[in-house]
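Below is one structure, written out as structure tokens; comments come after it.
These values consider heavy atoms only, across backbone and side chains, with no hydrogens, waters or symmetry-generated copies. Chain letters run A, B, ... following the sequence lines, proteins first and then strands; every chain starts at 1. Since the structure is predicted, the reported quantities are computational estimates derived from the model, not experimental observations.
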Amino acid sequence: MDPDGGGSPAVPTPSASTAGAPDAGAAAVEEGGGKQVLVVLVGPPGSGKSTFAEAILGGSGAGRHWARVCQDTIGNGKAGTKIQCLKAAADALKEGKSVLLDRCNLEREQRADFLKLGSHVHVDVHAVVLDLPAKVCISRSVNRRGHEGNLQGGMAAMVVNRMLKKKETPLLTEGFSRIMFCKDDNEIKKAVDMYNALGPSDCLDPGIFGQTTKGPIQVGIMKFLKKPESSEKSSGPKVTPSESMPQMQNHFSKQKTLEAGGTCPVEGENNKKKIEEQSRESIPSDISSRTLAFPSISTADFQFDLDRASDIIVDAVSIVLQKYDNIRLVLVDLSQRSRILSLVKDKAAKKNINSSRFLTFVGDITQLHSKGGLRCNVIANAANWRLKPGGGGVNAAIYNAAGEDLHRATKECADTLRPGSSVTVPLPSTSPLHQREGVTHIIHVLGPNMNPMRPDCLKNDYTKGSKILHEAYTSLFESFVAIAHNSCIEKQNTEPVLEKPVTGVTSPTDLKMKRGCSYDSERTKKHKLVQPNIPSNQAREGDNKRSGVTSTKTWGSWAQALYELAMHPENYKNSDSILEISDDFVVLNDLYPKAKRHVLIVSRRDGLDSLADVKKEHLPLLRTIHSAGVKWAQKFLEGDSSLVFRLGYHSVPSMRQLHLHIISQDFNSSSLKNKKHWNSFTTTFFLDSVDVIEEINQHGSANISSDDRVLAMELRCHRCRSAHPNIPKLKSHIANCKSSFPYHLLQKDRLLSSSTMHMDCS
DNA sequence: GTTCTAGAAC
DNA sequence: GTTCTAGAAC
């Protein structure tokens with residue numbers, strides 16, 4: 001075989017003859033003057049690393065002994081680690097073998113320890129970069145089945161997308177003696193042939209081979225996940241292709257903005273100083289990665305009523321800040337006399353929103369750092385539905401400032417945007433906006449239109465308009481939280497690579513994944529209800545208006561089951577579902593569990609229908625119930641230490657009688673069927689018991705800010721916050737998502753696991 | 001809370 | 001044709 005068959009200079013022949021190579025073995029490797037080789041394969045999932053390694057292991061070879069060290073398989077079913085790979089590589093090298101390192105190795109940091117290993121044992125360390133187009137890797141990884149590391153399907157697309165964004169091209173200065181780039185299958189085959197022909201005494205020429213200059217990697221996850229909608233079907237605003245859609249009436253005057261120097265409308269101080277002070281006060285130093293600057297949506301060209309809009313902004317901000325501790329939001333407007341800024345500022349103050357976590361800012365959103373002293377990595381764009389540059393206002397300004405990179409990157413992510421949704425676009429590092437202002441992500445967001453001169457005018461239907469505007473801000477903030485969360489995780493945890501959280505496009509309405517994810521959609525099985533073992537004539541009816549009931553909600557007969565249980569637990573004591581009965585509460589398995597473990601602790605206090613009725617005097621009861629919850633969670637953890645529990649109340653429960661949910665966070669249950677189920681446990685609708693107790697202790701009542709609207713929100717993974725188009729896709733995702741939980745859940749014992757409860761998990 | 005089912009989405 | 005959602009009924 002001619003290893004250089006194609007005559008490509010990228011694939012050199014071994015410098016020593018491969019003919020008649022001596023027999024294999026560590027001694028032979030030394031004798032021939034050739035060295036053992038550690039081949040560091042560099043490439044994302046789907047690039048063909050394993051195929052490459054297998055082809056050499058299975059090839060006829062020239063007598064060299066090879067070992068494959070593969071992170072996907074080294075954990076014997078569990079996720080492998082870099083440490084395991086390092087050890088296996090060191091062992092193989094000690095045995096005189098050459099090593100094929102089969103892991104992604106895309107980042108310099110991920111490669112560094114293996115290069116150190118190579119220098120310690122005096123072997124040549126080569127990099128073979130499987131530099132195939134992103135779309136090829138994504139397509140392969142999405143479509144493959146039976147992958148060793150179980151990275152396939154839609155999840156794989158997101159992982160590949162994310163990993164490629166972080167790719168750092170190997171350099172000789174890292175310590176490689178040789179780096180070879182393979183751009184297609186043909187070049188990969190030549191490289192395989194070359195290593196197959198490498199006898200124990202052969203060595204390959206040092207240097208770089210096959211590299212071509214390339215622009216920044218533009219990966220297009222949405223090409224594989226999203227099917228572009230036809231214009232007829234789109235429910236978004238429709239304009240003819242030639243129309244432009246300016247978002248704001250006031251055209252930017254950049255010169256003016258710069259001179260304004262970004263002054264906060266409230267305090268006449270220099271903004272830079274103020275921002276810095278605030279950062280020192282209560283915000284961590286790396287706050288820029290957790291700051292979102294956003295313009296007011298829909299209030300300029302789309303003519304949304306400013307008073308209503310300001311209510312919605314403050315409400316949406318309030319919700320997201322309650323949910324996430326460690327983020328900062330900045331509403332930006334160009335005008336010193338901005339009415340929306342002053343309305344929002346007043347309402348935020350009235351609502352006691354922490355002014356260091358939410359602020360208003362006068363300035364140009366494209367020059368926040370250079371001219372305003374405000375560091376933030378993420379800015380929102382008031383986009384048009386076609387996600388095109390032009391028009392006027394914020395959209396034009398951001399596209400102008402970001403250059404062609406933004407247009408290109410946006411096209412890779414999505415084609416259109418519907419009112420009420422958002423899409424995250426990573427801004428290439430080549431963009432001037434990235435380089436000058438440090439902006440790493442743009443989140444395009446589209447709000448409702450009230451302007452009859454613009455398409456899809458809602459004709460003053462503020463019921464619909466307000467709903468859409470709220471959805472737009474919620475989607476924007478959730479998209480931002482996903483970025484901030486990932487940024488936080490990346491800093492904390494550099495391995496294993498495949499376990500890093502992923503962020504995709506964050507608009508459920510625009511996200512159209514290909515079908516094919518497996519999901520067990522069996523029709524509902526009938527669950528056996530708890531039946532009282534006494535005649536039902538003892539069951540009371542019409543108790544809703546009994547004195548002592550403070551909430552005004554009326555309960556249907558079906559919603560009274562827990563109340564009946566709490567008042568007469570003795571009637572149910574033979575039921576398998578009842579786990580414990582005390583004077584204060586009854587513990588039972590939820591009849592329709594939404595996770596592997598899901599139990600309810602039902603208060604027995606008459607008059608407490610839901611959290612809305614709870615006052616300071618009920619604190620001891622709440623603490624008793626909480627302790628019981630912790631006890632039962634601990635009991636379940638003793639049976640299965642892999643579970644993670646959350647204890648909390650529904651803001652507006654369906655069933656009468658105060659009850660605490662203890663629910664494992666796998667959400668692996670056939671009873672979890674719809675959006676309402678999911679969102680009732682994973683949004684602000686679910687109030688953690690620890691927070692409820694604290695709020696009641698401090699303010700005398702629970703803060704029930706969420707209502708039914710949050711139950712209709714987009715489906716997001718409770719761990720990585722990625723959005724999913726429907727329940728089966730979501731379930732398929734959460735079954736595999738290994739991202740750590742959002743930051744706020746990791747605080748204050750909101751999550752109970754074998755590690756937080758200091759249990760022996762061996 | 002669930003079940004049922006029409007019709008939208010694929 | 002099948003899958004999935006959402007709203008009505010209970």
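Per the geometry, CG belonging to A:Leu672 stands 11 Å off P belonging to C:dT5, to the nearest Å. Taking atom CG on A:Asn589 and atom C1' on B:dG1, their separation rounds to 16 Å, with Å as the unit. In this structure, A:Ile727 places its CD1 atom 10 Å from P of C:dC4, rounding to the nearest Å. The nearest whole Å value for the distance from the OH atom in A:Tyr649 to the P atom in B:dG1 is 15 Å. When rounded to the nearest whole Å, the span between NZ of A:Lys729 and C1' of C:dT5 equals 13 Å. We find that CG of A:Asn674 is positioned 11 Å from P of C:dG7, with the value rounded to whole Å. One can place NE2 of A:His724 at 19 Å from C1' of B:dA9, the figure rounded to the nearest angstrom. Atom-to-atom, CG of A:Leu715 to P of C:dT5 comes out at 7 Å; the value is rounded to the nearest Å.
Put simply, the side chain of A:Ser318 reaches to within 4.5 Å of the side chain of A:Gln322, judged on heavy atoms.
The heavy-atom pair separating A:Ser479 from A:Arg716 by the smallest distance is OG-NH2, 3.7 Å. Nearest heavy-atom pair across A:Leu417 and A:Leu446 is O-CD2, 3.3 Å.
Residue A:His659 is classed as having no contact, given no heavy-atom separation below 4.0 Å to the nucleic acid.
Residue A:Lys594 has a polar side-chain atom (N or O) positioned under 4.0 Å from OP1 or OP2 of B:dT2. At the phosphate of B:dG1, neither OP1 nor OP2 sits under 4.0 Å from any side-chain N or O atom of A:His677. An OP1 or OP2 oxygen of B:dT3 is reached within less than 4.0 angstrom by a side-chain nitrogen or oxygen of A:Lys673.
The listed nucleotides are C:dT5, C:dC10, B:dT3; the one nearest the side chain of A:Trp558 is C:dC10.
A:Leu687 CG to A:Thr684 OG1: the interatomic distance, rounded to the nearest 0.5 Å, is 7.5 Å.
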